[in-house]
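Whatever order the structure lists ligands and atoms in, that order sets their numbers, starting from 1.
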Amino acid sequence: MRLEKLQTNRSRTWTRMAMLAALLGGVGFTVAETAVVPPHTPKVGAIPKYPPGMFQPPSPTTIPDDEMGAMIRKGQRIFMHTGELAPQFVGNRLACANCHLDAGRMPDSAPMWAAFVSYPAYRSKNQHVNTLAERIQGCFTYSMNGKAPPLGDPVLVALQSYFQWLATGAEVGSKMMGSGYPKLDQPEREPDYFEGQKVYAQNCALCHGANGEGQRSSDGKQVFPPLWGPESFNWGAGMHRIGTAAAFIKANMPFSRGGLLSTQQAWDVALFMNSHERPQDPRFAGSVDATREQFHASDDSMYGRRFNGHLLGSGR
Ligand code: HEC
Ligand code: HEC
């Protein structure tokens, strides 16, 4: 039963790989650049093993068979299938696990075991100490372009139960190895849109689509998540920041081939990705200029900049 769940995740990954293979065959890409690689969990039934020294979250087979266990499983399912199981709080086609990989377990993709032991924490984004619940609400508002579940809502209870269980044995208050995204060096030259466009065409478009729209299977399931456009994260999300996206991409993309891109390529493709239109910042202050001034006044954000004759943040 519990193993079955793990295998469902794995077979989803395989579905993606199968789609990929079909695409490769059908469209006639050069296979060398985008070879089909097995997911990072090589053996069916195996628990993913992370590098030595890295925290090892428990195996899903050890989730207890009681009321608490039921809540932990519910949290895991919401994390994987957020739009289906918490639709009232989701305004796009993403799931939590699209950015926090391997169901929130993968080091260097802001894993949830590390998050669990680091809150409450001060955040400069909203200039106060945030509880873990408030941090999760933030990802619903911005990354999921949705609504924050109210405190005490079963969705928040389930997610926090899952994270606590993932952190079994972790040291409270420690800055754990593999937490957040690894800090990325500055690029050697300014990130460049056209260089990024080339990186995108060669390394990303196959899965995420020529227009960043992602891909759905024939039954409507999102197989590869959208990177921009109306169904992606909004202008207030951390991932819209060029530096944050570059760090995530360098460590985790192309999927299962993290580390493939050079630092420069990661910055270039992050700039390219984040120079496209996406849903409005929910903190919109009446005009794009005012919103840029208040929340986006840095080189790290393309919001409010004019590009190809279009004012980013003004909609399509
Ligand atoms: C579009 C990508 C994206 C999606 C989808 C997303 N997040 Fe995040 N999340 C981020 C980014 C970016 C950060 C900040 C990571 C960093 O800079 O270290 C983050 C941080 C977090 C943190 C704090 C991590 C830490 O170590 O401080 C939590 C908790 C979290 N997200 C939970 C969620 C939950 C729950 C969902 C689904 C409801 C979700 N996220 C969906 C991108 C995303
Ligand atoms: C082999 C297919 C594949 C390739 C190639 C690939 N990705 Fe992804 N990408 C994925 C999958 C799958 C996820 C979601 C992970 C999950 O749910 O486990 C993802 C997630 C993401 C996310 C976070 C979710 C979102 O929609 O915002 C970003 C950003 C991203 N990819 C950027 C890139 C970039 C940039 C490249 C090229 C350098 C790239 N990806 C190449 C499959 C791919």
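Those atoms of ligand 2 that come under 4.0 Å of a heavy atom in Leu94, given as number and element, are 26 (O). Numbered from 1 in the order shown, with element, the atoms of ligand 2 that lie under 4.0 Å from a heavy atom of Cys207 read 1 (C), 2 (C), 3 (C), 4 (C), 5 (C), 43 (C). Atoms of ligand 2 lying under 4.0 Å from at least one heavy atom of Leu101, given by number and element, are 15 (C). Close contacts of ligand 2 with Met273, meaning ligand atoms under 4.0 Å from a residue heavy atom, involve 29 (C). Listed by number with element, the atoms of ligand 1 under 4.0 angstrom from any heavy atom of Ala115 are 24 (C), 25 (C), 26 (O), 29 (C). Each of the following atoms of ligand 2 lies closer than 4.0 Å to a heavy atom of Leu261: 38 (C). Taking a cut-off of under 4.0 Å to the non-hydrogen atoms of Cys99, the atoms of ligand 1 that pass are 1 (C), 2 (C), 3 (C), 4 (C), 5 (C), 42 (C), 43 (C). Each of the atoms 1 (C) of ligand 1 lies under 4.0 Å from some heavy atom of Phe233. Each of the following atoms of ligand 1 lies closer than 4.0 Å to a heavy atom of Ala95: 5 (C). Close approach to Thr244 involves these atoms of ligand 1, each under 4.0 Å from a residue heavy atom: 12 (C). Ligand-side atoms of ligand 1 in range of Ile136: 35 (C), range being under 4.0 angstrom from any heavy atom. Every atom of ligand 1 with a heavy atom of Tyr119 under 4.0 Å away is listed here by number and element: 23 (C), 25 (C), 27 (O).
To the nearest 0.5 angstrom, Arg283 atom CZ is 9.5 Å from Asn126 atom CG.
Between Ser217 and Phe224, every side-chain heavy-atom pair lies at or beyond the 4.5 Å cut-off. Residues Phe140 and Asn145 are not in side-chain contact: their nearest non-hydrogen atoms beyond the backbone lie 4.5 Å or more apart. At least one side-chain heavy atom of Ser298 sits less than 4.5 Å from a side-chain heavy atom of Arg241. Leu166 has its side chain within reach of Arg105: a pair of non-hydrogen atoms, C-beta onward, lies under 4.5 Å apart. Proximity of Val199 to Gln202: side-chain heavy atoms (C-beta onward) are nowhere separated by under 4.5 Å.
For Gln88, the CD atom sits in a packed shell: over 12 heavy atoms of surrounding residues, nucleotides or ligands are nearer than 6.0 Å. When the shell of 6.0 Å around CG of Asp66 is examined, it contains more than 12 heavy atoms from other residues, nucleotides or ligands.
Residue contacts with ligand 2: Ala97 is included, with a non-hydrogen atom under 4.0 Å away. Residue contacts with ligand 1 include Met112, since one of its heavy atoms falls under 4.0 Å from the ligand. The closest approach between a heavy atom of Leu206 and any atom of ligand 2 is not below 4.0 Å.
Formation of a donor-acceptor pair under 3.5 Å by the Gln280 side chain with backbone atoms of Gly313 is found in this model. One N or O on the side chain of Lys250 and one on the backbone of Leu261 form a donor-acceptor pair closer than 3.5 Å.
At a cut-off of 2.8 Å, Cys139 is counted among the residues with an N, O or S atom near atom 8 (Fe) of ligand 1.
What sits closest to atom 41 (C) of ligand 1 on the protein, heavy atoms only, is Cys96 CA, 3.6 Å. Ranking protein heavy atoms by distance to atom 43 (C) of ligand 1, first place goes to Ser143 OG, 3.3 Å. Of the protein's non-hydrogen atoms, Tyr181 OH, 3.3 Å is the one closest to atom 12 (C) of ligand 1. Shortest contact from atom 18 (O) of ligand 1 to any protein heavy atom: Gly180 CA, 3.4 Å.
Annotation: cation-pi geometry satisfied between Arg278 and Phe233 (NZ/CZ under 6.0 angstrom from ring centroid, within 45° of ring axis).
Checking each of Thr82, Leu156, Asp153 against Phe89 for a side chain to side chain contact (heavy atoms under 4.5 Å, CB included) leaves exactly one that passes, namely Asp153. Applying the side-chain hydrogen bond (donor to acceptor under 3.5 Å, both in side chains) test between Gln222 and each of His81, Gln215, Arg93 identifies Arg93 as the sole match.
Under the 30°/60° scheme for interplanar angles, the aromatic rings of Trp235 and Tyr303 are found to stand perpendicular. Classified by interplanar angle (parallel below 30°, tilted 30° to 60°, perpendicular above 60°), the ring pair His276/Tyr193 is tilted.
Considering Ala266, Pro226, Cys204 only, the shortest heavy-atom separation from atom 35 (C) of ligand 2 involves Cys204. When His100, His240, Met80, Arg135 are ranked by how near their heavy atoms come to atom 14 (C) of ligand 1, first place goes to Arg135.
At a heavy-atom distance under 4.0 Å, atoms from both the backbone and the side chain of Asn98 approach ligand 2. No part of Phe248 comes within 4.0 Å of ligand 1, judged by heavy-atom distances.
With atom 8 (Fe) of ligand 2 as vertex, Met253 SD and His208 NE2 subtend 170°, rounded to 10°.
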